[in-house]
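What follows is one structure encoded as structure tokens, with my remarks underneath.
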Amino acid sequence: MTTVDTRVGHRLTARQRKAIVAGAVGNTVEWVDWAVYATFAPVFAGQFFAGGSETTALLSTLAVFAVGFVMRPIGGAVLGAYADRKGRKKGLTLTISLMAGASIVIALTPTYTQIGILAPIVLLLARLVQGFSAGGEFGSSSAFLIESAAPGRRAFAGSWQQVSVGLGSLLAALMGTILNATLADPDLKAWGWRLAFGIAGLLGLVGLWLRVSVQETEAFAKISAKPRRNPLVAMLRDHPGAALRVAGITIAGTLIYYVWVSYMPAYAHLATGIPLKTALLANTLAMVVFIALLPFGGLLSDRLGRKATMTMFAGGFVVFAWPAFHFLGNSFWSVFVIELIGLVLIVGYSANCAVIMAEQFPPEVRTTGIGLPYALAVAIFGGTAPYVTTWLNASHLGHLVWVYVAVAALIGVAVYLTMPETKGKEL
């Protein structure tokens, strides 16, 4: 393996800092657009699905949300190949244009009462576009951030990919809180949710402007004039081991993240009787700390290496899974401490995932190599985690959720210990 001296290249140049800011801000906006759907689904469900109860309408709306995950592997393959052929900058401008455009379409779509069955069809198509865009975003933004960084600051730069995902979700939740607090319920259902989608779409224009203003990465510029095969075919034929490794790296991280962030508040409410709003507050505050720690997790990876920090994450959950669910109490502080410890451990994965996946592939297939296997693993293991945990609870097996987490963590330990160390690898 060819390596570079990571004792040099620790300082980011002004151009590199601008590129990282543009990548991170654009990704934040992208995830505001993605998350605002789930935030306002209970509000606008009745606008698109007529007949039946509010619960039926909400379930139909959430089914559309789930379908978006199906499109993510397709987006990872198609948009990843596009970014490997045309450049990271063009890939990023396309993904944010698709995501923001779909948000504006949802904001302007007439209700079921006005246009009948066309309303849910337009909603479904817009959400499919957003899922397609989200599938391409991770690979493109990860490749762009890592290739824009100084050699000794790749993990630090890559950590901002996950910082921006967290910030996007928090901004969507904040938008929901403000609009719920300031608008009467009839106004919120009539037009307030449209305002949220409209704002998210307009923010996309800001992200688009930032992405248009940056330069292409040097790593892509070096190969842009060379004749190349189809990136998807080249990745699958020449780098199948690296693609499987990316999927393996993702399994523990995405499954445990979704359990901790999406499932834990509801589990605490059901298992201990704590009010759901209290559990959600504990979850939100722990997420703020998690987001703030991510860049420091990247710096730790740049110093210690990828294997050490990833193994600390997975090994920590092998030990922590049982006490986390066993000692969870019905107080704010109990839930907050459990959430916080788990999310601090997850920093070891989230701060590393972009850089370690990017370092698996040469630049001509890097975006495709990151995007497709990652999106598949997220759809299979992350997207199903809330369902599996809910099924366990409904089957009176909620006491075994910790086993589900621990097994995923053990898989992670096995993958992380056997993968090659890529810190210092030449891109």
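In this chain, residues are counted from 1 in sequence order.
Take Trp31 and apply the side-chain hydrogen bond (donor to acceptor under 3.5 Å, both in side chains) test, not counting sequence neighbours, and it matches Asn27. For Ala406, the side-chain contact (heavy atoms from CB on, under 4.5 Å) partners two or more places apart in sequence, or in a different chain, are Ala321, Trp402. In this structure Arg245 satisfies the side-chain hydrogen bond (donor to acceptor under 3.5 Å, both in side chains) test together with Gln360, sequence neighbours excluded. For Glu147, the side-chain hydrogen bond (donor to acceptor under 3.5 Å, both in side chains) criterion is met by Arg88, Thr217, Arg366, not counting sequence neighbours. The ring pair (Phe, Tyr, Trp, His ring centres under 6.0 Å) search around Phe296 returns none, not counting sequence neighbours. Every residue meeting the ring pair (Phe, Tyr, Trp, His ring centres under 6.0 Å) condition with Tyr349, not counting sequence neighbours, appears here in chain and number order: Phe313. Not a single side-chain hydrogen bond (donor to acceptor under 3.5 Å, both in side chains) links Arg72 to another residue, sequence neighbours left out. With sequence neighbours excluded, the residues forming a ring pair (Phe, Tyr, Trp, His ring centres under 6.0 Å) with Tyr263 are Tyr267, listed by chain and number.
Within the 4.5 Å cutoff, the side chain of Arg237 has heavy atoms near those of the Arg229 side chain. Between Val32 and Met175, some side-chain heavy-atom pair lies under the 4.5 Å cut-off. Residues Ser142 and Leu145 are not in side-chain contact: their nearest non-hydrogen atoms beyond the backbone lie 4.5 Å or more apart. Contact annotation: the side chain of Met357 never approaches that of Ile146 to less than 4.5 Å [non-hydrogen atoms, C-beta and beyond]. Here the side chains of Phe132 and Ile74 are in contact, with some heavy-atom distance below 4.5 Å. Within the 4.5 Å cutoff, no side-chain heavy atoms of Lys423 are placed close to those of Asp302.
Among pairs with a residue in residues 111-131, none fulfils ring-ring contact (aromatic ring centres under 6.0 Å, His included), at least two apart in sequence or across chains. For residues 132-143, the set of pairs meeting the salt bridge (Lys or Arg N to Asp or Glu O under 4.0 Å) definition, not counting sequence neighbours, comprises Glu137-Arg211. Here ring-ring contact (aromatic ring centres under 6.0 Å, His included) pairs that include residues 357-382, with residues two or more places apart or in two chains, are Phe138-Tyr374. Applying the side chain to side chain donor-acceptor pair (under 3.5 Å) test to pairs two or more places apart or on separate chains, those with a residue in residues 272-294 are Asn283-Glu339.
Of the possible donor and acceptor atoms, none in the side chain of Lys89 sits under 3.5 Å from a partner among the backbone N and O of Glu216.
How far NE2 of His269 is from CD1 of Ile274: 10.0 Å, rounded to the nearest 0.5 Å. Annotation: the span from Ser213 atom OG to Leu208 atom CG amounts to 9.5 Å, rounded to 0.5 Å.
Ring pair Trp193/Phe48: centre-to-centre distance below 6.0 Å. Ring-centre distance between Phe317 and Trp260: below the 6.0 Å cut-off. Taking the six-membered ring for Trp and the full ring otherwise, Phe40 and Phe44 have centroids separated by 6.0 Å or more. Residues Phe220 and Phe144 place their aromatic rings such that the two centres sit no closer than 6.0 Å.
Checking Gln130 against Ser103 by side-chain atom types alone, a donor-acceptor pair falls below 3.5 Å.
Tested against Leu123, the residues Ile106, Thr109, Leu128 include a single side-chain contact (heavy atoms from CB on, under 4.5 Å) partner, Ile106.
Annotation for Arg194 and Ala107: closest pair NH1-O, 2.8 Å, computed over non-hydrogen atoms.
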